[in-house]
Structure formats: C-alpha cells, structure tokens
Q: 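Quick one: the structure is below, questions incoming.
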2 protein chains.
Amino acid sequence: MDDQLNRVFSALADPIRRDMVARLAVADAGVNELAEPYDVSLQAVSKHLKVLEEAGLVSRTRQAQRRPVHLEAEVFDLMTKWIERYRRQAEERYRRLDDVLAEMDADQTRPDERGAS
Amino acid sequence: MDDQLNRVFSALADPIRRDMVARLAVADAGVNELAEPYDVSLQAVSKHLKVLEEAGLVSRTRQAQRRPVHLEAEVFDLMTKWIERYRRQAEERYRRLDDVLAEMDADQTRPDERGAS
DNA sequence: TCCTTGTTCAACCTTGCGGTTGAAAGAACG
DNA sequence: CGTTCTTTCAACCGCAAGGTTGAACAAGGA
C-alpha cells in the first residue's frame, strides 16, 4: 500500500507520463498514437506505459495487433486520500493555533486546558 | 507551473519525505527531531528537506540555532486540482459510454457478440 | 574567546531512470 | 509460408538521486 503510493507518485513525477494520463482521460489509445506528440522513440513510450501500468494507473487489453491503453481512475483516490488527510490535519492545526492565540489574548489567567500532546 | 508539479510529485515519491510531511502535519520540527526515526544520516535528512522546500511543501524560519520546518499545505491544492481534473474527465467519459451502450441495447439492430465484462 | 549545539556544504560512491539502438515476438493477411 | 504492422525485450549510456563521511558555518552560552 505504501509501495503503491511510491509507484503512483513517481509515475506522475514525469511530465510525459502526466501528459499521457491527461490524454488518456479523453480517450483510450495505442502506443503509436500515444507516442506521436513526443520526440522520443516508441520504445521509450512503451517503457513509460509499463511504469504507468505497474502503478495501476492504466490497463491494457489485447485487440488484434493493438494493445489499447485505458486509464484506471480509481488509483487517483489513493493519492487524494493521502493528500487530503494531511492537508486537513495541517489546517486543523492552524485552527487550533488560532483558538489558542485568541484565548491567550482574551484570558491570560488560564494556563492549559486542552492538553494537546 | 509544470515544473512545480514535477517537483511536488517527485518530492512525494519518496517514502521518507512522505513520512516527514505526515509528521509535519502534526507539528513543526527541527532537523534533528525529524531525523530521529530514520536510519540515515542527518545530512541525508537535510537533503530531503531541501527537496521538500524546493517543491514548496515546507518553509523554514530561523529561531536561535534551530531552523524549524513548517508544512505549507497550499501546494497540495496544485496536485489535487490536477488529479481531480483528469479523474472527472475520465468518469465523464464512462458516463457517456454507458449512455452509448444503453442506446445500443435499446436499439437492437445488431444482435452481435458482446460477451465480455 | 572558546566550546557546544544544530545544520549545511563538498566530495564521493552506487543505483535507478529515461533515453537510445537493434533484434525479436504476436497477430492479421497476401 | 512469408510479409507487414505494432509492440516489447535486451544491452547499453549518461546523469541525477539518495546515501555516505568529513569539514565548515551559524548562533548561543561558559
């Protein structure tokens, strides 16, 4: 599960792979189609796809000689959950800090009441 | 803006850096504090922090000899926006596909094979 | 001033990643 | 069968990333 996060984040760390995902969100495509806009070899694109596939971001089905690539959007949830979790935590922390500051401002005789560790 | 995405995604591709972010969501910390749980040198941790800082994920202020590290949660938005955009696009595409299939189903001009999932 | 604590710089090593080229494998079709 | 189209495997190259160690820098406190 942590490995999955490693793979997904590093898969999307590459601009070519992000662009591929962006285009696959519009329509499935074969390797040749996908490779067309980029100035790299077909083999390089094939490698990129392998990375995306191992991250669970795309799947591939055989269809004649072609192997159409299909975006699997569920994995995105893994990332958003991770991100949102810590973002919320951080925001919550700020909120509490504001409370503490406000309390210190209003009532300076009370030391500690909420024993946050 | 694309560079920013590169930096943020690859910063979070490392499990140690993700863990640092997770811990910084709870409380600010100095380098020594942060380094404690990991089995690497202080210098390695310092490098990790530099990466997080260049990605805009953390900021640092001087406070006596210490340089406390502080999580900057806003950058998360950049990622979630990117992710949500394409996830929504993909989901929209499925919805339309369902419509097409429903139409094909109602309009049975081709009683062909569609034996798969 | 010297010493201590906390952090970073510099040099180096090894591994992994993105790129290349060349050859091969899978599947349709003459 | 052999040809053609599409995709992948294998070997290699250059470079950046993550790790190490040793020295340096920054800022109190004795």
Side-chain angles (χ1 to χ4, degrees), chain A residues 2-24 27-72, chain B residues 2-24 27-71 112-113 116:
Chain A
D2 205 51
D3 274 5
Q4 180 84 342
L5 274 176
N6 285 345
R7 275 181 250 126
V8 177
F9 274 116
S10 57
L12 294 179
D14 185 284
I16 290 191
R17 287 194 291 259
R18 273 205 310 281
D19 192 62
M20 283 177 168
V21 168
R23 293 167 56 211
L24 287 170
D28 293 5
V31 177
N32 275 288
E33 244 175 300
L34 273 174
E36 195 260 314
Y38 315 120
D39 197 16
V40 298
S41 67
L42 235 60
Q43 291 93 322
V45 173
S46 184
K47 280 191 187 177
H48 281 304
L49 282 174
K50 198 177 177 186
V51 173
L52 288 173
E53 193 173 14
E54 280 167 355
L57 280 161
V58 305
S59 65
R60 331 184 57 175
T61 58
R62 195 165 264 300
Q63 169 185 310
Q65 303 103 317
R66 285 196 173 81
R67 303 203 58 198
V69 183
H70 176 78
L71 186 64
E72 297 289 340
Chain B
D2 206 49
D3 273 5
Q4 180 85 341
L5 274 175
N6 285 344
R7 274 180 252 127
V8 177
F9 274 117
S10 55
L12 294 178
D14 186 286
I16 289 192
R17 287 194 293 259
R18 271 204 313 280
D19 192 62
M20 285 177 165
V21 168
R23 292 168 56 211
L24 287 170
D28 293 4
V31 176
N32 275 287
E33 245 175 298
L34 273 174
E36 195 260 315
Y38 315 121
D39 196 18
V40 298
S41 67
L42 235 59
Q43 291 93 326
V45 173
S46 184
K47 280 191 188 178
H48 281 304
L49 282 173
K50 200 176 177 187
V51 173
L52 288 173
E53 193 173 16
E54 281 167 355
L57 280 162
V58 306
S59 65
R60 331 184 57 174
T61 57
R62 194 166 265 299
Q63 168 185 310
Q65 303 103 317
R66 286 195 172 80
R67 303 201 57 198
V69 183
H70 176 77
L71 185 63
D112 219 291
E113 35 117 345

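Chain naming here is simple, since letters A, B, ... match the order of the sequence lines and numbering starts at 1 in each.
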Q: How does protein reach along nucleotides 25-30 of chain C, written 5' to 3' as B (base within reach of a heavy atom under 4.0 Å), S (only sugar-phosphate), or - (no contact)?
A: -BBS--
Q: Think B:R67 has a side-chain N or O under 4.0 angstrom from the OP1 or OP2 of C:dG6?
A: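 The answer is no; no side-chain N or O of B:R67 sits under 4.0 Å from OP1 or OP2.
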Q: Going by heavy atoms closer than 4.0 Å, what residues in residues 38-49 of chain B are next to DNA chain C?
A: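 B:L42, B:Q43, B:S46, B:K47 - these, ordered by number, are the residues of the stretch whose heavy atoms sit under 4.0 Å from the strand.
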Q: Using side chain to side chain donor-acceptor pair (under 3.5 Å) as the criterion, list what pairs up with B:R66, not counting sequence neighbours.
A: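 B:R66 satisfies side chain to side chain donor-acceptor pair (under 3.5 Å) with no residue once adjacent residues are dropped.
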Q: Where is the tightest heavy-atom contact between B:A29 and B:L24, given as atom of each residue plus distance?
A: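 Heavy atoms of B:A29 and B:L24 come nearest at N-CD2, 3.9 Å.
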Q: Just so I know, are the side chains of B:D14 and B:V51 near enough to count as touching, which here means a heavy-atom distance under 4.5 Å?
A: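 Side-chain contact under 4.5 Å: no.
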Q: Would you grab the first and last nucleotide of DNA chain D (5' to 3') that comes under 4.0 Å of any non-hydrogen atom in chain A?
A: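 Taking any atom under 4.0 Å from a heavy atom of chain A, the span is D:dT6 to D:dA11.
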Q: With side chain to side chain contact (heavy atoms under 4.5 Å, CB included) as the test, pick out the partner of B:V69 among B:D28, B:L52, B:L34.
A: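 Exactly one option meets the side chain to side chain contact (heavy atoms under 4.5 Å, CB included) with B:V69, and it is B:L34.
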Q: Heavy-atom distance under 4.5 Å between the side chains of A:R18 and B:D2, does that happen here?
A: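 They are in contact (side-chain heavy atoms under 4.5 Å apart), so the answer is yes.
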Q: Please identify each residue that fulfils salt bridge (Lys or Arg N to Asp or Glu O under 4.0 Å) with A:D3, with sequence neighbours left out.
A: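 If we apply the salt bridge (Lys or Arg N to Asp or Glu O under 4.0 Å) test to A:D3, skipping adjacent residues, there are no hits.
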Q: Between B:E53 (CD) and C:dC9 (P), how many Å, whole number?
A: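 For the pair B:E53 CD and C:dC9 P, the rounded distance is 10 Å.
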Q: So, is B:N32 near the phosphate of C:dT7, with a side-chain N or O under 4.0 Å from OP1 or OP2?
A: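 Indeed, a polar side-chain atom of B:N32 lies that close.
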Q: Any side-chain to backbone donor/acceptor pair from B:R17 onto B:S10? Under 3.5 Å, distance only.
A: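 Answer holds: yes.
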Q: Are A:Q43 and A:K47 close enough that some pair of their side-chain heavy atoms sits under 4.5 Å apart?
A: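 A:Q43 does not reach A:K47 side chain to side chain.
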Q: Can you name the side chain to side chain donor-acceptor pair (under 3.5 Å) partners of B:R7, sequence neighbours left out?
A: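 Only B:Q4 meet the side chain to side chain donor-acceptor pair (under 3.5 Å) criterion with B:R7.
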Q: Can you name the nearest heavy-atom pair linking A:V40 to A:V45, along with the distance?
A: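 Residues A:V40 and A:V45, closest heavy atoms: CG2-CG2, 3.8 Å.
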